Protein chains: 2
Amino acid sequence: MENPLIRRLECFVRLSHDDKRLLATAASQRVRRLGPREDIVVEGDPPRDVSLVLDGWACRYKTLADGRRQIIAFFLPGDTCDPHAFAVREMDHSLATLTPVTIAEIARDTLQDIVDASPRLARALIWTMLVTAAVQREWTVSLGQRTAVERLGHLLCELFLRLRAVGLTDGPSCELPLTQVDLGEATGLSNVHVNRVLQELRGSGLISLKGRVLTIHDLQRLQAVALFNAAYLHLDREGRTLDANDAR
Amino acid sequence: MENPLIRRLECFVRLSHDDKRLLATAASQRVRRLGPREDIVVEGDPPRDVSLVLDGWACRYKTLADGRRQIIAFFLPGDTCDPHAFAVREMDHSLATLTPVTIAEIARDTLQDIVDASPRLARALIWTMLVTAAVQREWTVSLGQRTAVERLGHLLCELFLRLRAVGLTDGPSCELPLTQVDLGEATGLSNVHVNRVLQELRGSGLISLKGRVLTIHDLQRLQAVALFNAAYLHLDREGRTLDANDAR
DNA sequence: CGGCCCATTGAATTGCCTCAACGCTCGTGG
DNA sequence: CCACGAGCGTTGAGGCAATTCAATGGGCCG
């Protein structure tokens, strides 16, 4: 199977054969397998190498002194955890797996070499960082303004589209290996309320969620209900209106 | 008065004379003055040059279809708005002034020249991006987990420390040119409730807030109340424990 | 002086939370 | 093979934090 990072970057730029080879070799140097619910890095640690998720789901989270926990981001296959984090002295948050995960650890220098070798890849990597930031902003909007139904609906839309971008959906369905507690920690809701909201979404025929499989029966309508606007995912390839300019 | 960006970057690295000159000239090429409550860029626009706030307060915000509005970030003097935003086709959020603002518009190429000329400046600029991202994550935690009192307390701590980092505090006081509506839009609370919470904070002797001046009487205690941990601001100069290594 | 923006206050409402209990499924060990 | 416990989902009841609606007052500007 092709490296999901390649698939992800190709949402943005068309990669040359060489680009792909560069990425593929970098991502195969040091591959680690982790179990579910395992910390990768914890708050206070010095930053490690860049981690690229090859398979499975992980998350970024932060814990308050009294134990309250907030999931800050989800990492899906093809996502990188903080390409530049090494610029700070210690991590201000933790990373953990949710499912069993395969990650590729890419050394700082390797990454630098890639960036130097291919301006196109450099641009693509910056693009992933911008999208990560945009997602974080959208979560801020969700938590600040959206109701519980909208928040959950929005999150499901986002995850579905992100998975689809790396080829991990099956028609209207995708895996959703999150518990209701996880969903609550990501949306700032209690697990009890998550449960009731999911029932509401199921009841109105928008989704099915059974076992670990999510099916979105009417993506359009779910997006409308959740006030979801996909623009922030920047899934449109940059060159589409600017192809002539690609040489730059 | 010295350029506030210089002061800000010096929180992180010690800049050479040349570095400062580079920055100072870049920031003086195109200076714009804006009134209060003016949009700088709106959602859907193509990204412009990088804007550096020289004076005044601005914000990033997003509006939902039905008018609900969330302030996503505050820009204080010395902050840059999205050094890399030009990598995407259209803005997914808006920027607006809150007070009268002076900004320096720095062209993409100028920025590139600076980065090429000084690796130290390049690192410092990456650091500002990381801090911006860290602040965004902390807002996610606030909105998701903190109570109204904690949220407002946390925001006040953050703003105060960020202002102090660029020399804009006066002992325990600083300017806070935000209305209670603004504070509500940033914290996801109604302006009515913001009002009541502020009274609570005043009542317990933690702060004064009168006119546009905030005074934090007991920063330690306010931090404790708000579960505030300044680590995410990464205000410690990178070299402090690594000075010997500065040559790299 | 009149009008507007902002802060403040009260009252009624509600979205979501907490607490508590129960059922299901699955893996494990006796 | 069945018993048992753990983790997760589900349900009900009661409570509280924060909201909405509405009205009032102060300060500033034209």
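Quick caveat, the model's predicted, so the values are computed rather than measured. Proteins get letters first, then strands, A, B, ... in listed order; numbering begins at 1 in each.
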Regarding the side chain of A/T179, the nearest nucleotide among D/dT19, C/dC17, D/dC8 is D/dC8
So A/G184, base contact, sugar-phosphate only, or nothing? Heavy-atom distance under 4.0 Å.
nothing
B/H193 atom NE2 is separated from C/dT8 atom P, nearest whole Å, by 14 Å
For this session: Quick one: label A/G211 by what it contacts on the DNA or RNA (base, sugar-phosphate, nothing), any heavy atom closer than 4.0 Å.
Result: nothing
N/O (side chain, A/R146) to phosphate O (OP1/OP2, C/dC16) under 4.0 Å: no
In whole angstroms, the gap separating C1' of D/dA6 from CZ of A/R37 amounts to 14 Å
Open item on the list: I'd like to know if B/D82 and B/R48 make a salt bridge, using a cut-off of under 4.0 Å between side-chain N and carboxylate O.
Closed with: no
When rounded to whole Å, the CG to P distance for the pair A/L152 and C/dG15 reads 16 Å
query = Charged N to carboxylate O under 4.0 angstrom, B/R146 versus B/E138?
reply = yes
To the nearest angstrom, the CZ-C1' distance between A/R196 and C/dC17 comes to 9 Å
Could you tell me whether A/D79 and A/R60 make a salt bridge, using a distance below 4.0 angstrom between a side-chain N and a carboxylate O? no
message: It should be established whether B/R202 places a side-chain nitrogen or oxygen under 4.0 Å from OP1 or OP2 of nucleotide C/dT8.
response: yes
Quick note, B/R212 side chain, CB onward, closest among C/dC6, D/dA22, D/dG9 is C/dC6
Rounded to whole Å, CG of B/L98 lies from P of C/dC6 at a distance of 11 Å
- Under a 4.0 Å N-O cut-off, is there an ion pair linking B/R68 with A/E150? yes
Quick note, B/Q180 side chain, CB onward, closest among C/dC17, C/dT8, D/dA18 is C/dT8
To the nearest angstrom, the CG-P distance between B/D182 and C/dC6 comes to 8 Å
Which of A/L176, A/L156, A/L152, A/T215 passes side chain to side chain contact (heavy atoms under 4.5 Å, CB included) with A/I207? Answer is A/L156
Rounded to whole Å, CD of A/Q199 lies from C1' of D/dT11 at a distance of 8 Å
Taking C/dC16, C/dT9, C/dC19 as options, the one with an atom nearest any side-chain atom of A/V192 is C/dC19
Atom CG of A/L189 and atom P of C/dG15 are separated, to the nearest Å, by 14 Å
Exercise. Examine C/dA7: is either OP1 or OP2 under 4.0 Å from a nitrogen or oxygen in the side chain of B/N195? Give yes or no.
Key: no
